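Excluded from the calculations below are hydrogen atoms, water molecules and symmetry mates; all remaining heavy atoms, backbone and side chain alike, are included. In this chain, numbering begins with 1 at the start of the sequence shown. Source: prediction; values computed, not measured.
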Amino acid sequence: MGRGGDGNRYGTAFFEEQVAISREITAGLALEAPCGRPDLADRNLRWVLLHMIEETARHAGHADIIREGIDGSTGIY
């Protein structure tokens with residue numbers, strides 16, 4: 001990753017690509033549709049999507065903690 005925010009642009013672009021792929025996969029499926037992974041066969045699409053929201057929030061929080069340690073800024077104020 002280069003200087004001047006190239007890493008941020010790359011990360012954002014990659015994230016947006018993955019979101020688009022996920023939307024294509026889930027389009028038209030019912031939230032009650034069973035999970036496609038055999039080890040999660042007892043779960044449904046609703047569970048998978050909520051899990052992805054939780055994971056995204058968790059990792060965003062981790063990144064925020066790292067950023068706070070670097071620049072000392074906290075919160076929204």
Side-chain angles (χ1 to χ4, degrees):
M1 292 185 211
R3 296 177 186 209
D6 289 346
N8 287 338
R9 282 191 291 275
Y10 169 80
T12 300
F14 180 77
F15 177 78
E16 289 173 353
E17 279 180 35
Q18 301 310 303
V19 168
I21 291 167
S22 296
R23 287 181 175 158
E24 288 178 25
I25 292 169
T26 60
L29 294 176
L31 291 175
E32 293 76 27
C35 182
R37 282 182 46 177
D39 60 327
L40 297 174
D42 61 330
R43 309 297 173 122
N44 59 25
L45 180 58
R46 180 187 317 272
W47 182 88
V48 172
L49 294 176
L50 287 172
H51 177 71
M52 295 308 299
I53 291 168
E54 290 171 344
E55 285 296 307
T56 300
R58 182 175 297 119
H59 291 289
H62 293 158
D64 197 43
I65 290 168
I66 293 168
R67 185 210 37 85
E68 287 175 3
I70 293 169
D71 67 14
S73 175
T74 60
I76 59 173
Y77 301 104

Residues two or more places apart in sequence or in another chain: which of them pass side chain to side chain contact (heavy atoms under 4.5 Å, CB included) with I21? Q18, I25

Are V48 and L50 connected in the hydrophobic side-chain network, where two residues link if heavy atoms are under 4.5 Å apart? no

Could you work out the complete set of other residues in the hydrophobic cluster of L31, with links drawn between I, L, V, M, F, W and Y side chains under 4.5 Å apart? L29, L45, L49

Could you list all the side chain to side chain donor-acceptor pair (under 3.5 Å) pairs where at least one residue sits in residues 24-36, not counting sequence neighbours? E32-R46

What residue pairs, at least two apart or across chains, pass side chain to side chain donor-acceptor pair (under 3.5 Å) with a residue in residues 48-63? E55-R58, E55-H59

Not counting sequence neighbours, which residues clear side-chain hydrogen bond (donor to acceptor under 3.5 Å, both in side chains) with D42? List them please. none

For R23, give me all partners under side-chain hydrogen bond (donor to acceptor under 3.5 Å, both in side chains), at least two apart in sequence or on another chain. none

